[in-house]
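Please read the structure below before turning to the comments.
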Protein chains: 2
Amino acid sequence: MNSKLKAVEEEFIVTIGQLSESLSINRIVGQLYALLFLSPGPLSLDDMVDKLKISKGNASVNIRELERWNAVKKVWIKGERKNFYQANLDVLKIVINCFKNGLHQRMQKTTERIVKTQGMLNKSSNLFINKEEKNIAEIYQDRLKRIKEISEKTENLVKVLSGLVE
Amino acid sequence: MNSKLKAVEEEFIVTIGQLSESLSINRIVGQLYALLFLSPGPLSLDDMVDKLKISKGNASVNIRELERWNAVKKVWIKGERKNFYQANLDVLKIVINCFKNGLHQRMQKTTERIVKTQGMLNKSSNLFINKEEKNIAEIYQDRLKRIKEISEKTENLVKVLSGLVE
DNA sequence: TAATATGTTTAGAATATTCTAAACGATACA
DNA sequence: TGTATCGTTTAGAATATTCTAAACATATTA
């Protein structure tokens, strides 16, 4: 391939790899996606291994991560025994979806625990006899309620984002 | 302190610590904030060291991270030589602000590199003589433009978020 | 069936991150 | 001035993550 085109490809792959890393996403995940995103046609695992100079195992696990995100999909090419992959070009949808799912999972777990903690506090409230303890319990109730409200706002955001990606 | 209240505090600290970790934020950062968020009054570094059972160095660097985020602030208590800290209770503002700033920094860098890459491609376009190369160059131009558009949308989001936190 | 091609799993090497304990520097106070 | 009290920095230990190379499982072709 033309060396100028190769330079453009390389530059793009490095850029997206760094962006990935800075978002705490495995660099190879970003680079695999960048590679497929630019590629005029589908690529095999071996193609990607050659381009990125990584091991096959590494390519294998990270391409499956991208499949899970619906960021790439397998395509079958007749006469070929290898799997080929192509990028889903709708980057915005992929990003919003990942963000939404990540947020949902994490906040759901957190909300459950906060609610449980509120329960602990309410069940014990009759045990707080002196003024000092009653005061602290009241503060705790207030603070937990604030956090709970944020959980609810976040779940609303998740719903809004769901609407954006159908 | 009442053991029930202690259990509530502990549970909350663990919950927020786990949430932090799951968001690729240092666990101690989350736990320090959780501790101060619940606390009826300001706490010293030593108080936090005792509660979380961590080293002073660890507490020191992570509390400064929280200061940088405007998530906690120093308060001076007369007659005390130690620094005391208290939480900014406006969690939503802190979160939106961190998210916004993180996004802005990362996307700005990325956008710059994408634009540079577009420049590389355009400058070379007269060098692509055969049909094949011209075709690939055109695809690259299209794909880079898509990414560029997302960068712009992201910068818009940053502006919207800026509006939300004044 | 044997030989080859392909993707996955795994053990542990390489690297990066987090954490502590101790050294350090600065400030307050005797 | 010397001593105690703080917070910060730092060297390297502990831990977690990422990556490779090789073993493995499965399917395909000869």
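All heavy atoms count here, side chains included; hydrogens, waters and symmetry mates do not. Below, chain A is the first sequence line, B the second, and so on; all start at residue 1.
Using modelled atom types and a 3.5 Å distance limit, the side chains of A:W69 and A:E65 yield a donor-acceptor pair. With 3.5 Å as the limit, one finds no donor-acceptor pair spanning the side chains of A:S125 and A:N122.
Put simply, the side chain of A:F12 does not reach to within 4.5 Å of the side chain of B:R143, judged on heavy atoms. Using a 4.5 Å heavy-atom threshold, the side chains of A:L35 and A:E9 count as touching. Between A:L38 and B:I139, the closest side-chain pair of non-hydrogen atoms is not below 4.5 Å. Side chains of B:R68 and B:R64 form a contact here, defined as non-hydrogen atoms less than 4.5 Å apart. Contact of the B:L36 side chain with the B:M48 side chain is registered, since non-hydrogen atoms from C-beta on lie closer than 4.5 Å. The closest side-chain heavy-atom distance from B:K93 to B:N70 is not below 4.5 Å.
With a heavy-atom cut-off of 4.0 Å to chain B, the contacted part of DNA chain C has its first and last nucleotide at C:dT18 to C:dA28.
Against DNA chain C, the stretch residues 15-32 of chain B makes heavy-atom approaches under 4.0 Å through B:N26, B:R27, B:I28. Heavy-atom distances under 4.0 Å link DNA chain D to A:K53, A:I54, A:S55, A:N58 of residues 44-70 of chain A, given in residue order.
Atom-to-atom, CG of A:N83 to P of D:dT26 comes out at 16 Å; the value is rounded to the nearest Å.
B:Y140 and B:F128 have their aromatic ring centers separated by at least 6.0 angstrom.
By the 4.0 Å N-to-carboxylate-O rule, B:K148 lies close enough to B:E152 to be salt-bridged with it. Salt bridge B:D47/B:K51: absent, no basic N to carboxylate O contact under 4.0 Å.
Atom-to-atom distance recorded for B:N97:CG and B:L161:CG is 9.5 Å, nearest 0.5 angstrom.
With the end axes of the helix from C:dT1-D:dA30 to C:dA30-D:dT1 each set by five pairs, the angle from one to the other reads 10° at 10° resolution.
A 6.0 Å sphere centred on NZ of A:K4 holds no more than 12 heavy atoms belonging to other residues, nucleotides or ligands.
Every residue two or more places apart in sequence or in another chain was checked for a side-chain hydrogen bond (donor to acceptor under 3.5 Å, both in side chains) with B:N88, and none qualifies.
Cluster annotation: B:I63 is not connected to B:I77 through the hydrophobic network of ILVMFWY side chains, with a link wherever side-chain heavy atoms come within less than 4.5 Å.
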Protein-nucleotides 27-30 of chain D N/O pairs closer than 3.5 Å?
| from | atom 1 | to | atom 2 | distance (Å) |
| --- | --- | --- | --- | --- |
| D:dT28 | O4' | A:R81 | NH2 | 3.4 |

